[in-house]
Amino acid sequence: MAEVSEVLDLSPAAGEGGTGPLVEVRGITKIFPGVVANDGIDLAVYGGEVHCLLGENGAGKSTLMNILSGMYRPDAGTILVDGAEVQIDSPRVALDLGIGTVYQHPTLIPVFTVLENLVLGQGRGLSMDTKRALAGLKQVAADLGVEIDPRALAGRLALGQQQQVEIVKALWGGSRVLILDEPTSMLTPQGITELEKVLLQLKERGLAIIFITHKLHEALDVGDRVTVLRRGRVVGTLGPEVVRSTSRDELQARIVTMMFGEEAASLAGVAEVRGEVTGHRTARQVSSEVMLELIGVSVEPQRSEIGIRDVSLAVRRGEIVGVAGVDGNGQRELAEAVAGQRSVHTGDVLLAGQSIRHTSVSGRQRMGLRYVTDDRVGEGTVSSLSVATNLILKRIGDGPFWKRGRVCDDAISECATDLVDSFDIRTPTIETSCGTLSGGNLQKVLLARELSFDPRVVVYNKPTHGLDVKTTYAVRDRIRQLAEERQVSALLISTDLEELLDLCDRIAVLFGGRLMGVVENEVGAELEVGRLMVGGDSR
Amino acid sequence: MTENAGTSVLGFEPQIGTPSRWSGWRGSLLQGVGPILLGLLAGGVLLLIVGRNPLTFYGTIVNRGLLSPSGVQDSLTRMAPLLFMAAGLIVAFRANIWNIGGDGQFLMAAAVVSGFGPQITGAFPGGLGLAILCGMAAAAGGLWTIVPAMLRAYYGLNEIITSLMMTFVGVNLANLLIKGPFRSQATNVPQTDVIPKDDLLPVIPGTRIHVGILFALVAIAMVHYVMTRTSFGLRLNVLGANPRAAIHVGIDVRRLTIVAFMISGAFIGLAAGIEILGVWGYVRADWNPNFGLTLFALVFLARLNALATVPLVGFYAVISMGATPPPEKQACLTISC
């Protein structure tokens, strides 16, 4: 039991009005082929503080985290823990030094129980000391104010709960520094509130928390100290005194300037960063021609899904219809049923009045139905193939890229070069493998692929999820432009209500796999949508 | 970088540590040749322990398998079926289909070719008979994959297990055929009738090497071309690299799985056809050269690159023929194993 109490029993030296920083990096530089991810970064992290690392996609936040957690080794620079220089050669070393990491995507083994996941890689013996682990879990959970069933399969837990397990796991060996990479990106609003509570508990115990995010308001909500990264460099740090004593509006203005430079702070897209609620889109005339129609569509759930039941919905020409709802209420099932990736159990899907229920994915593609998936890495792209190949991945075998089954490199590179230009995809060359691109650029690859070659109806699944402000703005602009100028219909699935209010003509709400209602996007729409989102009856 | 964190952790490991050393063709070459050198080194240590000079030992093998006129011809002859089999395995592995059942497909094709060989070569003039037999070999090998292929395509059953199980069935069914309906009445040994030597594949003029090696090289070149330059090859690669992306981009995954599996089996069947029609002329009961598992190592050392299998298969043929003493080798090539 002695060790159990050690789990969160921190030495007084670690924090609490502490003298020196717990962890400090000096001049960290990391170069990847074609990009300097970290360029001479200095950073000091103190106990009892939440230190926010803020920056756009590709600013170098994750690289720095991977260096601290032992996944990458820096090309230059030093790392100090408790004032002593250390070499973090592997994740094991990082853990031994008391640096625990929670990655953005869950790393638990889904078929193992919570307890099994926790003891994995811990003790170095052969046997599993479940009794001790159980007691330890109980204590940590109580300390953090969370409840976790140790016998539950990790894969069955909600993402928020999985994250709590990850936090417990990161703290397991007595970590004093906790790194959280974009911890809110997978969470519901309630999950975020719970996470904030947990962070407060950890702070009180003198832990140093590195909170990586690209969302400004999050940094302001939880951060005691904020460091802004831009293109691999530290552009500035706001200390706790400054954060405490400055008004929120002023802080926002200063950070926006740091993140985007003087000129960018005035960009319209940054308005959202400042927390100004954008207005509802002005009502506009849309044609009465129905382009996409779902008639009583039901989809059988797979594994942990909820499926969809009896969904009826029509999208007219040039119209953007939003689908709101908390993640996991049938959004993916709906999108895949329309795209043809899974079969419709009952009901029918019509494209321009024609049933496509039995049409294959590629057949629907050819008819102008496009699907921008939310799973950019898992199914949207093939990491090992080049950017150019990924750009024409849905046209394999079609002319002019293939002639009688034989590839025409010139046609492909010409098309890819055009798309890279017009969609502003940042890649060293079109032959670079897609796996090396950042999230924002991957999304641009998907958009370039889906929105070229005459789209008629596009299904967007969380199109700006995880993107930085600039890219988000560009993507939304494109969706709007396509609908207004080229009369492309859109089914826009999003968990971001603000985005739906900004873009949509009408907003449908999915809850528990059913369509709760469709709301015209006019004044007061958010209240009605919000009510439907939590399962309220349609009026 | 941010969105990518998950991938950089799991899918992007070459960047961890020293990124450049393993990338590019130099890295591939090192990964292909390195293990072989280490293997030779380990073998050398064992030889030293048992009191032999490794250099003399390896020298003898190279002499017999490569430097002597008859040795090099035997090695080239052995390469023909191995290359066909490598072609077959690459098609499957590239699509992430684990065709473990190569030996079953090989023996089924061997039994069919040797069983019908004498009549068909007798009934059709030279080339046509051989072509029909090769077609039958490909069909037998291909059809023997259909059960695991369908089970994988329609029910998601693991083809490692099903194709392995089909191997046991295939090996025993082939024996049953050879001991039963295909059994020769001319001899007491359980074997098929022998195809007359004149009806077998011709040799390359001036050598003892049958022309199968040329067909095999053509097959390898074809597979390489298809894999790198055609839409079919790209579909296979996408299916192998990311099956969910394959569904997403609209590839007919079921059909492609079955087609790739059957092509794989057909090449393996052709390996058997070429071996029977080029070297043996008949099959004896319980004969099984077990080429399948040997080739696994070779195609992976070649990193599933068809052209790269040629030197590796050549190397294997040299050590396998060079390590067989001449009298046995003679017996091996003319009578039975």
Side-chain angles (χ1 to χ4, degrees), chain A residues 32-33 37 55-63 65-66 71-73 103-105 107 181-182 185 212 214 339-341 360-365 371 373 375-385 389 393-394 396-398 401-402 405-407 435-440 442-443 466-468, chain B residues 1-24 27-28 93-96 154 156 222 224-256 259 303-305:
Chain A
F32 291 118
E56 288 193 89
N57 291 31
K61 308 180 298 276
S62 294
T63 304
M65 173 202 76
N66 279 323
M71 299 298 291
Y72 295 159
R73 263 187 262 178
Y103 295 95
Q104 183 179 1
H105 301 280
T107 58
D181 186 17
E182 305 269 355
S185 63
I212 297 176
H214 60 255
Q341 286 177 218
S360 68
V361 173
S362 57
R364 295 182 202 204
Q365 273 278 324
Y371 173 35
T373 174
D375 193 351
R376 294 160 206 160
V377 179
E379 71 172 12
T381 53
V382 181
S383 313
S384 55
L385 296 178
T389 309
L393 209 56
K394 290 199 175 174
I396 301 179
D398 295 353
F401 311 116
W402 277 269
R406 292 204 327 249
V407 70
T436 62
L437 296 191
S438 70
L442 274 185
Q443 183 68 340
L467 302 186
D468 62 62
Chain B
M1 289 274 129
T2 313
E3 171 81 0
N4 244 1
T7 6
S8 27
V9 171
L10 301 167
F12 194 27
E13 269 161 319
Q15 289 239 327
I16 295 164
T18 44
S20 55
R21 197 193 304 159
W22 294 100
S23 56
S28 306
F93 291 167
R94 277 270 169 182
N96 204 15
Y154 285 90
M222 234 171 64
H224 187 75
Y225 182 82
V226 166
M227 280 302 165
T228 52
R229 303 297 303 163
T230 68
S231 54
F232 179 76
L234 181 56
R235 285 196 188 99
L236 278 185
N237 281 319
V238 170
L239 177 60
N242 186 344
R244 287 187 52 216
I247 295 170
H248 178 69
V249 303
I251 291 171
D252 188 341
V253 171
R254 273 184 186 161
R255 198 172 136 249
L256 192 62
V259 168
R303 313 196 79 197
L304 305 186
N305 178 323

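Chain letters run A, B, ... following the sequence lines, proteins first, then strands; residues in each count from 1. Values below: every heavy atom of this structure, side chains too, minus hydrogens, waters and symmetry copies.
Within the 4.5 angstrom heavy-atom criterion, only side-chain atoms of A/Thr389, from C-beta onward, approach chain B. Proximity to chain B is absent for every atom of A/Phe401, based on heavy atoms less than 4.5 angstrom apart. Contact annotation for A/Asp398: neither backbone nor side-chain heavy atoms come within less than 4.5 Å of a heavy atom of chain B. Proximity to chain B (any heavy atom under 4.5 Å) is shown, for A/Leu393, by both the backbone and the side chain. With a 4.5 Å cut-off on non-hydrogen atoms, A/Ser360 does not touch chain B at all.
For A/Trp402 against B/Thr230, the heavy-atom pair with the smallest separation is NE1-C, 3.7 Å.
Among the candidates B/Ser231, B/Gly233, B/Gly250, B/Ala246, the residue making the largest number of heavy-atom pairs closer than 4.5 Å to chain A is B/Ser231. With respect to chain B, the highest number of heavy-atom pairs below 4.5 Å among A/Val361, A/Ile396, A/Val382, A/Leu385 belongs to A/Ile396.
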Item to complete: Quick one: do B/Arg229 and A/Arg406 satisfy side-chain contact (heavy atoms from CB on, under 4.5 Å)? Show the steps, please.
Response: CA-CA 6 Å; B/Arg229 303 297 303 163; A/Arg406 292 204 327 249; 6.0 Å; no
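Heavy-atom proximity under 4.5 angstrom to chain A picks out B/Val238, B/Ala241, B/Asn242, B/Arg244, B/Ala245 from residues 238-245 of chain B.
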